[in-house]
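A short write-up of the structure that comes next.
Values in this document were obtained by computation on a predicted structure and should not be read as measured data. Counting convention: from 1, in listed order, for ligands and their atoms alike.
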Amino acid sequence: MSEAKMYVNPIAEKYSKDINGRVIVVDKSGIVKGDSNKEFLGETFRHKEIQNALNGQTSTNTFKFKEYGHVLYVAVPAIVQNRVVGATLLSISINDIYKDVNHIKLNLFFISIVCILLIALISFIFSGFAIMPLERFTKVINSMAKGDFKQRVEVNTNDEFKNMAYAFNAMIMKLDQVDKQRKEFVANVSHELRTPISSIKLLSESLLHQDEDDINIYKEFMMDIAAESDRLNNIIDELLSLVDLDKEKLHLNYKITYINFLLEKIVNRLKPLAEKKDIKLKLYLNEKIQIKVDSDKIQQAIINIIENAIKYTQEGGEVKVSLYSQGKWCIIEVRDNGIGIPENGLTHIFDRFYRIDKARSRKTGGTGLGLSIANQIVALHQGNIEVESKIGKGSVFYIKIPNDIKL
Ligand code: ADP
């Protein structure tokens, strides 16, 4: 064994134990001077990594051998005074590292699968939460389509769905109310129309079945029949004007009108009616007021209210009509000292067909539509009607119309 080998080999062997790998040391010609396995001592080693190291470059590579598995080769040049005098090749088994990497890869694969499943589950749950309120809306909409307006949408979240549910429920309540009013209206109309028709039928049948020679009895019955027919006519006329008002929202015939002249005209027209009951009908025109109104419609509203004042005031009573302005309002006040309206009736008198005393109102020819028509006309003029009343003392109706109607 040469001197170099004697010196180099034990170091190679010792170092090989330290790193648990093989150490091969070659001189600049590639002849093996040290081999921890003593296998290639003295042989020329032409391994690619060693060649690179002898050319001054550190090089690494990994190989897979059938018997050893994965091995890492590292070849390092030995440089003395800037000259390559040899090279060292370390070969270390990296099977453990590969095993670890594979293990980590497998773990990562399982973790990824678990994560994907978790994400899928969470998305499913959250999408369920998001869809749940929509399902509730759909359910309620479906029951509404079947005519059930009693259902409400319940949303317990604290987001836009909650606001939407509030708005939606308010809309159903309104629809429910409108639906009830519509049903009530149809029921009322049928009832109101049926009453005079039944009377006419009853009266005519009585006439048919009696052998009466007295012409006066016939006349009396025929007068009742004529009165019932008038009543029927009144109801139909008023119903038609209500329908017209519903349609006419957009095309009212606005014209600048002197309310003073209009009131004079109305009062003159109603005076005979008041005189029949010995009622004093007085007009107080405190100011000259001219505003934009549909004079035919407004006239109808005012007449309905003054006629009521006359109708519901005892003989010898008094009805005062006054005109004045208050801020932006033109006010027509109709004050009577008649029978008055009970407090619980005040909120209903503008409802269609509502009458405080049905029997009395029928006698006076009332249909229960007059105030509803008046109210609708004034509302179309962007105004309103207010009432104050005391039973037994009388009532005051304030017709308020703005003097700056926005067209
Ligand atoms: P009607 O055709 O029965 O008069 P309205 O709609 O004009 O119907 O009025 C509704 C109800 O309001 C009347 O039936 C009556 O009971 C009550 N009413 C209206 N105006 C007066 C009034 N000036 N004084 C007392 N009650 C009134």
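Each of the following atoms of ligand 1 lies closer than 4.0 Å to a heavy atom of Tyr354: 10 (C), 11 (C). Heavy-atom contacts of Gly370 reach the following atoms of ligand 1: 5 (P), 6 (O), 7 (O) (cutoff under 4.0 Å). Heavy-atom proximity to Arg355, at under 4.0 Å, picks out these atoms of ligand 1: 3 (O), 14 (O). Each of the following atoms of ligand 1 lies closer than 4.0 Å to a heavy atom of Leu369: 6 (O), 8 (O).
The shortest N or O to N or O distance between Ile356 and ligand 1 is below 3.5 Å. On a distance-only criterion, Gly368 and ligand 1 share at least one N/O pair closer than 3.5 Å. Considering backbone and side-chain atoms alike, Ser372 places every N or O at 3.5 Å or more from each N or O of ligand 1. At least one N or O atom of Thr367 sits closer than 3.5 Å to an N or O atom of ligand 1. When only interatomic distances are considered, the shortest N/O to N/O separation between Leu371 and ligand 1 falls below 3.5 Å.
Heavy-atom separations between Gly340 and ligand 1 include at least one value shorter than 4.0 Å. Proximity of Lys311 to ligand 1 is established by a heavy-atom distance of less than 4.0 Å.
Ion pairing between a basic and an acidic side chain is recognised when a charged N comes within 4.0 Å of a carboxylate O; Lys320 and Asp336 show no such pairing. Between Glu275 and Lys271, none of the side-chain N atoms (NZ, or NE/NH1/NH2) sits under 4.0 Å from a carboxylate O, so this pair counts as no salt bridge. Of the charged side-chain nitrogens involved, at least one lies within less than 4.0 Å of a carboxylate oxygen, so that Lys38 and Glu13 count as a salt-bridged pair.
Taking all heavy atoms of Ile310, Ile235, Asn234, Asn308 into account, the minimum distance to atom 7 (O) of ligand 1 is reached by Asn308. When the options Asp351, Ile349, Ile306 are ranked by their closest heavy atom to atom 12 (O) of ligand 1, first place goes to Ile349.
The proximity of Asn304 to ligand 1, defined as any non-hydrogen pair under 4.0 Å, does not occur for either the backbone or the side chain. Contact annotation: for Phe397 versus ligand 1, heavy atoms closer than 4.0 Å belong to the side chain alone.
Within a 6.0 Å sphere centred on CZ of Arg152, other residues, nucleotides and ligands contribute more than 12 heavy atoms. Residue-environment remark: CE (Met171) exceeds the threshold of 12 foreign heavy atoms within 6.0 Å. Heavy-atom contacts from other residues, nucleotides or ligands closer than 6.0 Å to OH of Tyr258 number 12 or fewer.
A donor-acceptor contact shorter than 3.5 Å links the side chain of Asp294 to the backbone of Asn253. The main-chain N or O of Lys99 is never found under 3.5 Å from a side-chain atom of His103 such that the two would form a donor-acceptor pair.
Between Glu238 and Thr367, the side chains place a donor N or O and an acceptor N or O closer than 3.5 Å (distance only, hydrogens not considered). With hydrogens and angles left out, the side-chain atoms of Glu307 and Asn304 include no donor and acceptor closer than 3.5 Å.
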